[in-house]
Structure formats: structure tokens, C-alpha cells
Amino acid sequence: MVKAILFDLGNVLVPVDFRRCHEALARVCPHPPESVRLRISQNGLPRRFEQGEISAEQFVAEACRLLDMSIPPETFWEIWTRILDPEPLIPEVMLAGLRRRHRLLLLSNTNCIHFEAAQKRYPLLRQFDDFILSYQIGAMKPAPEIYRAAIRRAGCLAEECLFIDDLAENVAGALREGMAAIQFVSLEQLQRSLKALRILD
């Protein structure tokens with residue numbers, strides 16, 4: 001029996017599009033959007049930030065250096081959080097219904113800036129009992145450490161946890177740790193899957 005449901009954040013609960021961020025950065029630096037994307041990904045910079053290996057201040061300093069630009073940190077963060085679309089993919093009323101019978105947890109590869117922005121923008125996050133975040137855990141999906149941390153925080157057995165993520169490799173990582181898992185494609189597909197498991201009426 002499923003006791004805890006764990007949701008990914010980006011492209012499951014809320015839409016994420018890094019192109020908006022890259023295009024906005026291209027307007028304040030001397031590089032086009034595709035070059036912005038490639039330069040920022042040098043040396044695994046976003047991954048190091050999402051694993052909590054560097055601070056927010058270190059991230060913005062390194063990103064500005066890679067993009068040959070000098071802008072105030074608050075301007076950079078405003079641009080960096082444009083990846084978050086204002087309209088969620090899953091309605092809060094559905095999460096509230098699931099929470100009546102299950103613990104709800106968020107299991108996400110993210111960084112402190114994006115998560116703080118998400119908490120301000122999306123009231124639906126108040127439905128979650130706990131947050132397991134890569135930058136706090138020091139590991140990213142599909143590494144086993146982050147799933148094991150999530151299972152501990154769920155307070156139940158691995159087989160009593162259901163994980164929902166849009167990426168096949170992250171779903172596979174959860175399955176390897178003994179969790180049940182669904183790959184998210186759309187709200188309608190998720191609702192069908194949850195009804196088949198008798199989790200959703």
C-alpha cells in the first residue's frame with residue numbers, strides 16, 4: 001500500500017523552460033542565447049550549484065565571469081528565476097485530495113534560488129509535508145543517496161513510496177531503490193495511473 005507520494009518539481013508540478021533565462025541573459029551580455037547556455041554549463045556550474053557545492057554568491061560570480069558581464073546579483077537572480085512558468089501543471093485541489101490519505105513530499109534537483117522563488121510563486125507547495133532538495137542533500141537524482149534520504153524522510157518502507165518524475169532516468173533510479181514510480185507525461189496520464197493504483201478516485 002502506498003503511504004507516501006513524492007513529486008518532482010520541474011515539469012511535473014510546474015513548467016520549467018531555461019530558454020527564457022538564456023534569452024534574457026543574452027540581452028545583458030555579449031553572447032547569443034545558445035552560447036549563454038553552453039558557457040554557463042562549463043565546468044558543470046549548474047550541477048555544482050544544485051548539489052550545494054557552491055554558494056549562491058559563488059554561482060553568480062562564476063556565471064557573470066563566463067558570460068563576460070557585470071550586473072547586480074539581484075538582477076541576475078530575477079533573470080535566473082524566469083525559467084519558472086506561472087501556471088502549475090497539477091492543480092492544488094488534486095494535491096490536497098491526495099494529502100488527505102498520504103504523506104506528500106517534494107523530491108527535486110534544484111538550487112536555493114529557484115526553490116525560494118518557487119515557494120513564493122506557487123501556493124500549492126504548502127500541501128507538502130517535507131522537501132528533499134538536491135542542494136541540501138548534496139546529491140542529485142538519479143544518485144541513490146537522494147532517494148534513500150527521501151525514503152527516510154517519508155517515514156515508511158521504500159515499497160510504500162510512490163515517486164513521480166518526468167525523466168525516465170530518475171524514475172529508473174527510484175525503481176532501483178525499491179520505490180514504485182510513474183513517469184509523468186501529462187496531468188491526464190497521471191490521473192489515469194493514480195486511478196489504476198486506486199490512489200485517486
Side-chain angles (χ1 to χ4, degrees), residues 6-89 105-122 125 128 130-150 153 163-174 183-184:
L6 298 91
F7 283 85
D8 177 35
L9 178 62
N11 292 323
V12 175
L13 290 175
V14 302
V16 169
D17 186 354
F18 271 94
R19 289 176 300 180
R20 288 198 295 268
C21 168
H22 298 151
E23 289 167 0
L25 285 171
R27 291 193 285 272
V28 293
C29 82
H31 305 288
E34 180 60 17
S35 181
V36 167
R37 183 185 69 81
L38 293 171
R39 283 171 173 267
I40 284 184
S41 63
Q42 281 181 23
N43 306 316
L45 182 60
R47 174 170 287 273
R48 287 188 285 132
F49 190 27
E50 293 198 348
Q51 289 193 159
E53 296 173 11
I54 57 174
S55 68
E57 293 75 17
Q58 289 170 316
F59 177 79
V60 69
E62 180 69 4
C64 285
R65 185 188 68 79
L66 291 169
L67 295 177
D68 301 307
M69 69 180 188
S70 178
I71 59 174
E74 57 271 21
T75 301
F76 183 92
W77 295 133
E78 189 280 322
I79 293 172
W80 190 246
T81 56
R82 290 186 193 181
I83 70 163
L84 300 169
D85 190 280
E87 292 301 319
L89 295 169
L105 298 94
L106 186 76
L107 174 52
S108 178
N109 289 348
T110 189
N111 57 72
C112 57
I113 299 300
H114 282 157
F115 187 65
E116 287 170 13
Q119 283 188 299
K120 292 175 183 176
R121 295 183 193 185
Y122 304 110
L125 290 180
F128 287 83
D130 204 352
F131 305 114
I132 299 92
L133 310 171
S134 60
Y135 75 92
Q136 294 177 343
I137 300 298
M140 295 176 68
K141 298 174 292 183
E145 292 82 3
I146 195 166
Y147 299 105
R148 292 170 189 172
R153 301 265 279 272
F163 177 55
I164 300 162
D165 197 291
D166 62 308
L167 298 179
E169 59 265 34
N170 294 341
V171 168
Q183 184 174 359
F184 179 85

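Fair warning: this is a prediction, and the values are worked out from it, not measured in the lab.
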**Q.** Over all atoms of both residues, closest heavy-atom pair of L105 and A150
**A.** CD2-O, 4.4 Å
(Q) Distance check, rounded to the nearest 0.5 Å: F76 atom CZ versus F59 atom CZ? (A) 4.5 Å
With a 3.5 Å cut-off and sequence neighbours excluded, list the donor-acceptor pairs that the side chains of residues 79-86 form with protein atoms.
{"unit_1": "W80", "atom_1": "NE1", "unit_2": "H114", "atom_2": "NE2", "d": "3.2"}
{"unit_1": "T81", "atom_1": "OG1", "unit_2": "W77", "atom_2": "O", "d": "3.0"}
{"unit_1": "T81", "atom_1": "OG1", "unit_2": "E78", "atom_2": "O", "d": "3.1"}
{"unit_1": "T81", "atom_1": "OG1", "unit_2": "R121", "atom_2": "NH2", "d": "3.0"}
{"unit_1": "R82", "atom_1": "NE", "unit_2": "E78", "atom_2": "OE1", "d": "3.3"}
{"unit_1": "R82", "atom_1": "NE", "unit_2": "E78", "atom_2": "OE2", "d": "3.2"}
{"unit_1": "R82", "atom_1": "NH2", "unit_2": "E78", "atom_2": "OE1", "d": "2.8"}
{"unit_1": "D85", "atom_1": "OD1", "unit_2": "E87", "atom_2": "N", "d": "3.0"}

Q. If every non-hydrogen atom of L9 is compared with every non-hydrogen atom of S108, which pair is closest and at what distance?
A. CB-OG, 3.6 Å
Distance-only check: which donor-acceptor pairs under 3.5 Å involve side-chain atoms of residues 163-170, not counting sequence neighbours?
{"unit_1": "D165", "atom_1": "OD1", "unit_2": "L167", "atom_2": "N", "d": "2.8"}
{"unit_1": "D165", "atom_1": "OD1", "unit_2": "N170", "atom_2": "ND2", "d": "3.4"}
{"unit_1": "D165", "atom_1": "OD2", "unit_2": "K141", "atom_2": "NZ", "d": "2.8"}
{"unit_1": "D165", "atom_1": "OD2", "unit_2": "N170", "atom_2": "ND2", "d": "3.4"}

Q.
Apply side-chain contact (heavy atoms from CB on, under 4.5 Å) to residues L45 and L66 and explain how you reach the verdict.
A. CA-CA 10 Å; L45 182 60; L66 291 169; 3.8 Å; yes
Q) Can you find a heavy atom in the side chain of L89 that is under 4.5 Å from one in the side chain of P15? A) yes
**Q.** Spacing of L6 atom CG and I132 atom CD1 [to the nearest 0.5 Å]
**A.** 6.0 Å
Q.
Please determine whether a side-chain nitrogen of the Lys or Arg among E145 and R148 lies less than 4.0 Å from a carboxylate oxygen of the Asp or Glu.
A. no
**Q.** Considering all heavy atoms, the nearest Q136-F131 contact
**A.** OE1-O, 4.3 Å
Q: Enter the distance from R153:CZ to D130:CG here, rounded to the nearest 0.5 Å.
A: 4.0 Å
Q) So Y147 and L107, side-chain contact (heavy atoms from CB on, under 4.5 Å) or not? Walk me through it. A) CA-CA 8 Å; Y147 299 105; L107 174 52; 4.0 Å; yes
(Q) With rounding to the nearest 0.5 angstrom, report the CD to CZ distance, Q58 to F49. (A) 9.5 Å
**Q.** Atom of F115, atom of T110 and distance for their closest heavy-atom approach
**A.** N-OG1, 3.9 Å
Q | Minimum heavy-atom distance between P32 and A26, given as atom pair plus value | A | C-CB, 4.0 Å
Q. Between SG of C21 and CZ of R37, what distance do you get to the nearest 0.5 Å?
A. 12.5 Å
Q: Ignoring hydrogens and angles, tell me if any N or O in the side chain of R39 forms a donor-acceptor pair with the backbone of L67 under 3.5 Å.
A: no
Q: Please name the pair of heavy atoms, one in D68 and one in P30, separated by the smallest distance, quoted to 0.1 Å.
A: O-CD, 3.5 Å
Q | L133 and N111, any side-chain heavy atoms less than 4.5 Å apart | A | no
Q. For the atom pair CG (D8) and CG (L106), what is the distance rounded to the nearest 0.5 Å?
A. 7.5 Å
Q) Going by the salt bridge (charged side-chain N to carboxylate O under 4.0 Å, His left out) test, which pairs reach into residues 42-59, not counting sequence neighbours? A) none
